[in-house]
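Working notes, structure below.
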Amino acid sequence: MHAGLRITAFTAALAATFGTAYGVGQAFDPVVEDAAPARHETHPRVSSEPAQEGEHGGHEAEPAGGLQISEGGYTLDLATPRVAAGERSKLSFVIRDSAGRAVTAYQREHEKELHLIVASRDLGTYRHLHPTRAADGTWSIPVDLPRAGGYRVFADFTPARKGAENLTLGADLAASGPYEPQPLPAPNSTAKVDGYEVRLDGGLRPGKAGELKLKMSRDGRPVTDLQPYLGAYGHLVALRSGDLAYLHVHPNGEPGDGTTKPGPDVSFTATAPSAGSYRLFLDFKHEGKVHTAAFTVRAGAAQGIDEPHADESGHGH
């Protein structure tokens, strides 16, 4: 999976106020939970049309991903369309080709054959998972979704065939139980998770590529010994509020290239496909653990907001 908005090539919906975020280790991968609702905001309708060529680093805006269950001759066949909220359940799915056959060969990208993202429709819950593939092509992984409601499952992969392109397919998942929708977290430029503080500099603009720089610190000191996670010092996923469009984000540099340092700054190049509100999820690894920081940002001159705003609620997440 590409880092940066998928800040790679997926765009999925966001929505819900930011509360407490926490990371877990490699067994379950990054997790974000929304603890307390914030004020409700009205969000503009956004388009899934691809943006124009960006101005930063020659990157072009990629079309929104994750909005379709089938694309490029491949289909996400979700065998588990519903689970029970608050219970550990097995999530299973198969990627099928145009002939209906299960795909069993994939290219490895960022150290994995397939990246799985699970996000609630209000963007208060986020999971970055790495399921296991059986010989027959069935992928599976245990999940524990804390709240009832609608979720979106995103499978990010590249088939192992010549000329194959990276795809992000999406499918709906329901978690049963009492449902209380939450508003989108308020815009913030600082997030606190597991004793770390992460500051976001830069913003999103529709159709124009720009740099997003994230700086990690702990106990007031810059973190300068980040560990590689999925082939980079940070992994960024962006989802668009309203339709959960998934964006591919591009990391600037990689460990060992002679220019990239293990912190405290990690940067990405991203282009928003449209105006609107977006939720960004940054995964980073330090001292053997993966942590996830989350941000809400707005893109579009129509709102008069191009930069993230500080979170004054006291809840970085």
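Sequential numbering from 1 along the given sequence is applied to the chain's residues.
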| said: Taking the side chain as everything from C-beta on, heavy atoms only, tell me whether E111 gets closer than 4.5 Å to H130. | reply: no

| field | L114 side, atom CG; T132 side, atom OG1 - distance, nearest 0.5 Å | value | 11.0 Å

| query | So do the side chains of L230 and D283 get within less than 4.5 Å of each other, counting heavy atoms only? | reply | no

| Audit row: T80, V143, side-chain contact (heavy atoms from CB on, under 4.5 Å) steps and yes/no | CA-CA 11 Å; T80 315; V143 296; over 6 Å; no

| Nearest-0.5 Å distance that lies between atom CG in L226 and atom NZ in K285 | 11.5 Å

| In terms of the angle between their ring planes, are Y229 and H128 parallel, tilted or perpendicular, with boundaries placed at 30° and 60°? | perpendicular

| field | Exercise: identify the closest heavy-atom pair between G86 and D144 | value | C-OD1, 3.5 Å

| Looking at CG of L212 and CG of L204, how far apart are the two atoms once the value is rounded to the nearest 0.5 Å? | 5.5 Å

| message | Using modelled atom types and a 3.5 Å cut-off, is there a donor and acceptor pairing between side-chain atoms of D265 and backbone atoms of K215? | response | no

| query | Got a donor-acceptor contact below 3.5 angstrom from the H115 side chain to the E109 backbone? | reply | yes

| query | How far does NE2 of H291 sit from CG of D194, to the nearest 0.5 angstrom? | reply | 5.5 Å

| field | Intermediate values then yes/no, side-chain contact (heavy atoms from CB on, under 4.5 Å), F154 and L76 | value | CA-CA 9 Å; F154 303 94; L76 171 57; over 6 Å; no

| message | According to ring pair (Phe, Tyr, Trp, His ring centres under 6.0 Å), who are the partners of Y74, at least two apart in sequence or on a separate chain? | response | none

| said: Do D172 and R121 have side chains that approach each other closer than 4.5 Å (heavy atoms only, starting at C-beta)? | reply: yes

| query | Is any side-chain heavy atom of R199 closer than 4.5 Å to a side-chain heavy atom of S189? | reply | yes

| Where A232 and P255 come nearest, the two heavy atoms and their spacing | CA-CD, 3.7 Å

| said: Looking at D97 and A99, would you say the former's side chain and the latter's main chain have a donor-acceptor pair under 3.5 Å? | reply: yes

| task | Determine whether L169 and E71 make a side-chain contact, defined as any pair of heavy atoms from C-beta on separated by less than 4.5 Å. | result | yes

| Just wondering, do E197 and T190 contact through their side chains at under 4.5 Å, heavy atoms? | yes

| request: Report the C-alpha separation of L214 and F295 in whole Å, then their side-chain angles, then the decisive distance to 0.1 Å, and conclude whether the side-chain contact (heavy atoms from CB on, under 4.5 Å) test is met. | output: CA-CA 11 Å; L214 296 112; F295 302 86; 3.5 Å; yes

| task | Any chance you could measure R133, atom CZ, to I95, atom CD1, to the nearest 0.5 Å? | result | 11.5 Å

| message | Give me the atom names and distance for the closest heavy-atom approach of A293 to V198. | response | CB-CG2, 3.9 Å

| request: Using the test side-chain hydrogen bond (donor to acceptor under 3.5 Å, both in side chains), find all partners of T75 that sit at least two apart in sequence or belong to another chain. | output: S70

| task | Check step by step if side-chain contact (heavy atoms from CB on, under 4.5 Å) holds for Y151 and L145. | result | CA-CA 9 Å; Y151 289 77; L145 302 179; 3.8 Å; yes

| request: Go through the structure and list residues passing side-chain hydrogen bond (donor to acceptor under 3.5 Å, both in side chains) with S140, not counting sequence neighbours. | output: none

| query | Any chain of hydrophobic side-chain contacts (each under 4.5 Å) joining L78 to L116? | reply | yes

| field | Closest approach of R161 to Q107 (non-hydrogen atoms, all atoms of both residues) | value | O-NE2, 3.8 Å

| query | Do I69 and V94 belong together in a cluster built from hydrophobic side chains that touch within less than 4.5 Å? | reply | no

| request: Specify whether Y126 and F281 have parallel, tilted or perpendicular ring planes, treating 30° as the upper limit for parallel and 60° as the lower limit for perpendicular. | output: parallel

| task | Could you please spell out the steps behind the ring-ring contact (aromatic ring centres under 6.0 Å, His included) verdict for Y106 and W139? | result | CA-CA 12 Å; Y106 297 81; W139 293 90; 5.4 Å; yes

| Which atom pair, heavy atoms only, marks the closest approach of S120 to R147? | OG-NH2, 4.1 Å

| task | May I ask you to test the V118-T125 pair for a side-chain heavy-atom distance under 4.5 Å? | result | no

| message | So, taking the atom named CG in L200 and the one named CG in L282, what distance separates them when rounded to the nearest 0.5 Å? | response | 9.0 Å

| message | For a 4.5 angstrom cut-off between non-hydrogen side-chain atoms, does T292 reach V193? | response | no

| Are the side chain of R82 and the backbone N or O of S176 linked by a donor-acceptor pair below 3.5 Å? | no

| said: Looking at every heavy atom in both A148 and P178, which two are closest together, and how far apart are they? | reply: CB-O, 3.2 Å

| request: Ignoring hydrogens and angles, tell me if any N or O in the side chain of D136 forms a donor-acceptor pair with the backbone of T138 under 3.5 Å. | output: yes

